[in-house]
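Owing to the predicted nature of the structure, the values given are computational and were not obtained by experimental measurement. Note that these values count all heavy atoms, side chains included, but never hydrogens, waters or copies made by symmetry.
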Amino acid sequence: MALRPTIYKATIALSDTDRGLYDSLQLTLAQHPSETVERMMVRLLAYCFNAREGLMFCKGVSDSDEADLWAHELDGTLALWIDVGEPAVDRIRKARRTARAVSVYSFNSKSPVWWAQNRDRFGALDVAVYRFDWPRVQALAAMATRNMDLSVTIAGGSAYVATQAGEVELRAEPLQVPD
C-alpha cells in the first residue's frame, strides 16, 4: 500500500513590499512521503515570493512532468514554472520551452556544489535561479506545524517569517536573473 502525503494548512499574512502586494493566503500543502519538511517549506516560501492569481502547487516530486508550482494565464498558456531544489539542466531547459518564465529555488547543503557544476549551462537559459541558506531553511522547517499561522514580509529580496514558534529571515540570493 502506497504511503499517503501529509497535509499541512497555512494561513499567511503576506506583505511583499518589493511588489506592493499585501494579501491573506489560505494554503494547503501536501508533503509527499519522500519529501523533507525543509523542501516543503521552501515550496511555501517560493509561493510567497511569487504570489499571484492562478499560482498553484503541483505534483512536483511525484510527477516529473509537472513543476513544484506553476501559474497559467486565462488562455491556458503556462506563464510561470517554479522548481525547488537542484534540478537537472535538461529539466529546466524543457520547462523554459513551455513556460514564459522559469524560476529555481535551491536550498540544501549541496546547493553551492550543484551551482558550481551547472552555472555555465544554466547561463545559456533565460531563467532565474535563487539560493536560500541551508541553516536558515532548517530553522524555517523547525517552525512547521500541521496548521500554521505565519506572517511573511518580503523586502529587498529577503523574507521575514514569523510564527508563534519563532522567526527567521531568509534571503533569496540571486544566482542568475534573466534580462
#### Entry: Side chains of Y47 and D68, donor plus acceptor under 3.5 Å
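Absent: no donor and acceptor within the cut-off.
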### Task
May I ask you to check whether E38 and N108 show a side-chain donor-acceptor distance below 3.5 Å?
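Looking only at side-chain atoms, N108 and E38 do not form any donor-acceptor pair under 3.5 Å.
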Treat each ILVMFWY residue as a node, draw an edge where side-chain heavy atoms are under 4.5 Å apart, and state whether [X] and [Y] are in one component.
{"X": "L69", "Y": "V127", "value": "no"}
{"X": "L150", "Y": "L21", "value": "yes"}
{"X": "L25", "Y": "L140", "value": "yes"}
{"X": "L55", "Y": "F49", "value": "yes"}
{"X": "V89", "Y": "I82", "value": "no"}

Using atom types as modelled and distance alone, determine if a side-chain donor or acceptor of [X] lies under 3.5 Å from a backbone N or O of [Y].
{"X": "R136", "Y": "E169", "value": "yes"}
{"X": "E66", "Y": "F57", "value": "no"}
{"X": "Q26", "Y": "A10", "value": "no"}
{"X": "R19", "Y": "A51", "value": "yes"}
{"X": "R39", "Y": "V84", "value": "yes"}
{"X": "D18", "Y": "G157", "value": "yes"}
{"X": "R96", "Y": "D126", "value": "yes"}

Where is the tightest heavy-atom contact between [X] and [Y], given as atom of each residue plus distance?
{"X": "M41", "Y": "A141", "result": "CG-CA, 4.0 Å"}
{"X": "R4", "Y": "P33", "result": "O-CG, 3.7 Å"}
{"X": "V152", "Y": "A159", "result": "CG1-CB, 4.4 Å"}
{"X": "M40", "Y": "Q31", "result": "SD-CB, 3.7 Å"}
{"X": "I7", "Y": "A30", "result": "CD1-CB, 3.8 Å"}
{"X": "P112", "Y": "R131", "result": "CA-NH1, 3.4 Å"}

### Query
Under a 4.5 Å cut-off applied to non-hydrogen side-chain atoms, are P5 and H32 in contact?
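The answer is no, as the side chains (C-beta and beyond) never meet within the 4.5 Å cut-off.
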### Message
Between E167 and Y160, is there a side-chain heavy-atom distance shorter than 4.5 Å?
### Response
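A side-chain contact under 4.5 Å is absent here.
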### Task
Starting from the C-alpha separation in whole Å, work towards a yes-or-no answer on side-chain contact (heavy atoms from CB on, under 4.5 Å) for L27 and L44.
CA-CA 9 Å; L27 302 175; L44 180 68; 3.7 Å; yes
### Task
Count the heavy atoms of every other residue, nucleotide or ligand shown that sit under 6.0 Å from CD of E173, and state whether that count exceeds 12.
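Yes - once you tally the heavy atoms of other residues, nucleotides and ligands closer than 6.0 Å, there are more than 12.
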#### Entry: Residue pairs fulfilling side chain to side chain donor-acceptor pair (under 3.5 Å) with at least one residue in residues 143-153, sequence neighbours excluded
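For residues 143-153: none.
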### Query
Where does the angle between the aromatic ring planes of Y105 and Y130 fall among parallel (under 30°), tilted (30 to 60°) and perpendicular (over 60°)?
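Aromatic pair Y105/Y130 classed parallel.
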### Task
Verify side-chain contact (heavy atoms from CB on, under 4.5 Å) between L45 and V137, making sure each step is shown before the conclusion.
CA-CA 10 Å; L45 199 56; V137 169; over 6 Å; no
### Message
One pair to check against side-chain contact (heavy atoms from CB on, under 4.5 Å): K110 and Q117. What are the steps and the verdict?
### Response
CA-CA 11 Å; K110 299 173 189 168; Q117 292 173 342; over 6 Å; no
### Query
Can a salt bridge be assigned to the pair R52 and E73 using a cut-off of 4.0 Å between side-chain N and carboxylate O?
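Yes, charged N to carboxylate O under 4.0 Å.
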### Message
Using side-chain contact (heavy atoms from CB on, under 4.5 Å), reason through Y22 and T17 one step at a time and then give a plain yes or no.
### Response
CA-CA 8 Å; Y22 305 92; T17 61; 3.7 Å; yes
Rounded to the nearest 0.5 Å, how far apart are [atom1] of [X] and [atom2] of [Y]?
{"X": "R93", "Y": "F122", "atom1": "CZ", "atom2": "CZ", "answer": "9.0 Å"}
{"X": "I92", "Y": "D83", "atom1": "CD1", "atom2": "CG", "answer": "4.0 Å"}
{"X": "T36", "Y": "Q138", "atom1": "OG1", "atom2": "CD", "answer": "9.5 Å"}
{"X": "C58", "Y": "R43", "atom1": "SG", "atom2": "CZ", "answer": "9.5 Å"}
{"X": "W70", "Y": "N50", "atom1": "CH2", "atom2": "CG", "answer": "15.5 Å"}
{"X": "L170", "Y": "I154", "atom1": "CG", "atom2": "CD1", "answer": "10.5 Å"}

### Message
The test is ring-ring contact (aromatic ring centres under 6.0 Å, His included); show your working for F107 and W114 and say whether it passes.
### Response
CA-CA 10 Å; F107 65 89; W114 166 81; over 10 Å; no
### Query
Quick one: side chain to side chain donor-acceptor pair (under 3.5 Å) partners of R100, sequence neighbours excluded?
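By the side chain to side chain donor-acceptor pair (under 3.5 Å) rule, R100 matches no residue at all.
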